[in-house]
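We name chains A, B, ... by the order of the sequence lines, and we start the count at 1 in each one.
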There are 2 protein chains.
Amino acid sequence: MSKKTPGKIWIGESCPIRQVLDRFGDKWSILIIELLSHEGKMRFSEIAHTIGDISQKMLTVTLRSLESDGLIIRQFYPEIPPRVEYELSDLGRSLVPHIQQLTNWGQEHMGKIMQNRKRFEEKQQRKP
Amino acid sequence: MSKKTPGKIWIGESCPIRQVLDRFGDKWSILIIELLSHEGKMRFSEIAHTIGDISQKMLTVTLRSLESDGLIIRQFYPEIPPRVEYELSDLGRSLVPHIQQLTNWGQEHMGKIMQNRKRFEEKQQRKP
DNA sequence: CCGCATCCTTTGAGATACTG
DNA sequence: CAGTATCTCAAAGGATGCGG
């Protein structure tokens with residue numbers, strides 16, 4: 001549509017895109033939101049086990065940051081041994097469809113991307 | 001909808017979500033795609049200047065990786081001085097709407113998130 | 001069971017200087 | 001102008017051990 005609209009898009013230091021990227025560009029946040037959207041309430045150890053390759057530290061850190069931003073809700077049961085459950089808040093849930101859009105796009109196009117990448121590498125190796 | 005559908009979602013080491021995250025979770029890829037979607041063809045220095053705080057190195061690296069994956073097209077004009085133009089490929093363009101979905105979500109909700117975060121921090125400081 | 005604290009490794013990314 | 005090549009540093013993330 002628009003070929004040149006200078007000044008109309010702001011890509012500078014704290015533009016809207018970067019805010020989103022800064023918040024969700026880490027390794028685990030999106031993954032945990034997506035997981036909770038499918039599984040509903042989950043315990044700490046349940047999340048850890050389902051993801052598989054996340055360290056306890058990063059799970060703690062990521063859950064805490066999601067909680068602090070109001071994206072998930074943390075329920076602590078002071079039993080012995082203690083039990084903690086996490087679930088998405090309304091705010092967190094409102095993000096889920098957009099994540100799934102991206103995932104769908106990936107399902108459809110990542111194969112092609114990997115293929116392109118391989119070809120590109122081969123081309124580079126023949127030239128120099 | 002579904003409260004528990006164990007086994008139906010795969011969140012393991014190279015599930016679809018992680019593929020997308022690995023590809024686009026870096027600091028600059030999404031930003032450059034979004035920029036090119038608004039401005040059309042752009043020269044190297046034009047991109048650098050518009051973004052403002054990207055180093056020459058990271059711009060080169062990011063553009064090269066986007067090119068290798070077939071998300072952007074690189075046109076080299078062997079003049080003196082040389083000129084290089086970048087634009088989105090069809091593949092790259094197909095991602096744009098989803099990025100904009102996320103940006104819109106951000107516009108609408110990041111304020112609330114920052115507010116939540118501030119409150120959470122205050123709460124933490126009163127307790128311990 | 002949950003999660004904090006500490007230490008350590010790895011990675012991402014900036015600064016700088018140099019080429020076609 | 002549009003890169004490439006090093007060097008360096010800060011931050012993300014992992015491993016481990018302790019504590020409520």
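- Distances shown here put every side-chain N or O of A/R83 at or beyond 4.0 Å from the OP1 or OP2 atom of C/dC2.
- Per the geometry, CD belonging to A/E13 stands 11 Å off P belonging to C/dG14, to the nearest Å.
- The side chain of B/M58 sits closest to C/dA13 out of C/dC2, C/dA13, D/dG13.
- The nearest whole Å value for the distance from the CG atom in A/L31 to the C1' atom in D/dA12 is 16 Å.
- With C/dG14, D/dG3, D/dA2 as the choices, the nucleotide that has an atom nearest any side-chain atom of B/R74 turns out to be D/dG3.
- Of the candidates D/dC1, C/dG14, C/dC1, the closest approach to any side-chain atom of B/S55 belongs to C/dG14.
- When the C1' atom of D/dA12 is taken as reference, atom CG of A/D53 falls 15 Å away, rounded to whole Å.
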Inset, instruction - Might you work through the salt bridge (charged side-chain N to carboxylate O under 4.0 Å, His left out) test for B/D69 and A/K118, ending with a clear yes or no? - result: CA-CA 9 Å; B/D69 291 0; A/K118 197 165 244 174; over 6 Å; no
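- Residue A/K27 has a polar side-chain atom (N or O) positioned under 4.0 Å from OP1 or OP2 of D/dG14.
- Straight-line distance from the CG atom of A/L63 to the P atom of C/dC1: 16 Å, rounded to whole Å.
- Taking atom CD1 on B/I72 and atom C1' on D/dA2, their separation rounds to 14 Å, with Å as the unit.
- A straight line from CH2 of A/W28 to C1' of D/dA11 spans 17 Å, rounded to a whole angstrom.
- Contact between the side-chain N/O atoms of B/Y86 and the OP1/OP2 oxygens of D/dG3 is found at a separation under 4.0 Å.
- One atom, CG of A/L59, and another, P of D/dA15, lie 14 Å apart when rounded to the nearest Å.
- Closest to the side chain of A/D26, out of D/dG13, C/dC2, D/dT6, is D/dG13.
- In the set C/dA15, C/dA17, C/dG3, C/dG3 carries the atom at the smallest distance from any side-chain atom of A/R64.
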Inset, instruction - Verify side-chain contact (heavy atoms from CB on, under 4.5 Å) between A/I54 and A/I47, making sure each step is shown before the conclusion. - result: CA-CA 9 Å; A/I54 189 173; A/I47 300 174; over 6 Å; no
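- Contact annotation: A/S45 side-chain N/O to C/dC2 OP1/OP2 distance is under 4.0 Å.
- Comparing D/dA15, D/dC7, C/dC1 by their closest approach to the side chain of A/K57 singles out D/dA15.
- A 4.5 Å side-chain heavy-atom check between B/W105 and A/L95 finds at least one atom pair inside the cut-off.
- For D/dC1, neither phosphate oxygen OP1 nor OP2 lies less than 4.0 angstrom from any side-chain nitrogen or oxygen of B/R43.
- Between A/I54 and B/P81, the residue anchored closer to the 5' end of DNA chain D is B/P81, taking for each the nucleotide with the nearest heavy atom.
- Distances were taken from every side-chain heavy atom of A/Q56 (C-beta onward) to each of C/dC2, D/dA2, D/dT6; the shortest belongs to C/dC2.
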Inset, instruction - Dump the intermediate steps for side-chain contact (heavy atoms from CB on, under 4.5 Å) on A/R117 and B/R23, then the final yes or no. - result: CA-CA 11 Å; A/R117 191 178 298 181; B/R23 179 58 193 86; 3.2 Å; yes
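- Look at CD1 on B/I80: it is 13 Å from P on D/dA2, rounded to the nearest Å.
- Taking 4.5 Å as the limit, every side-chain heavy atom of A/M110 sits out of range of all side-chain heavy atoms of B/D22.
- Between B/R64 and B/E67 there is a salt bridge, since at least one side-chain N of the basic residue sits less than 4.0 Å from a carboxylate O of the acidic one.
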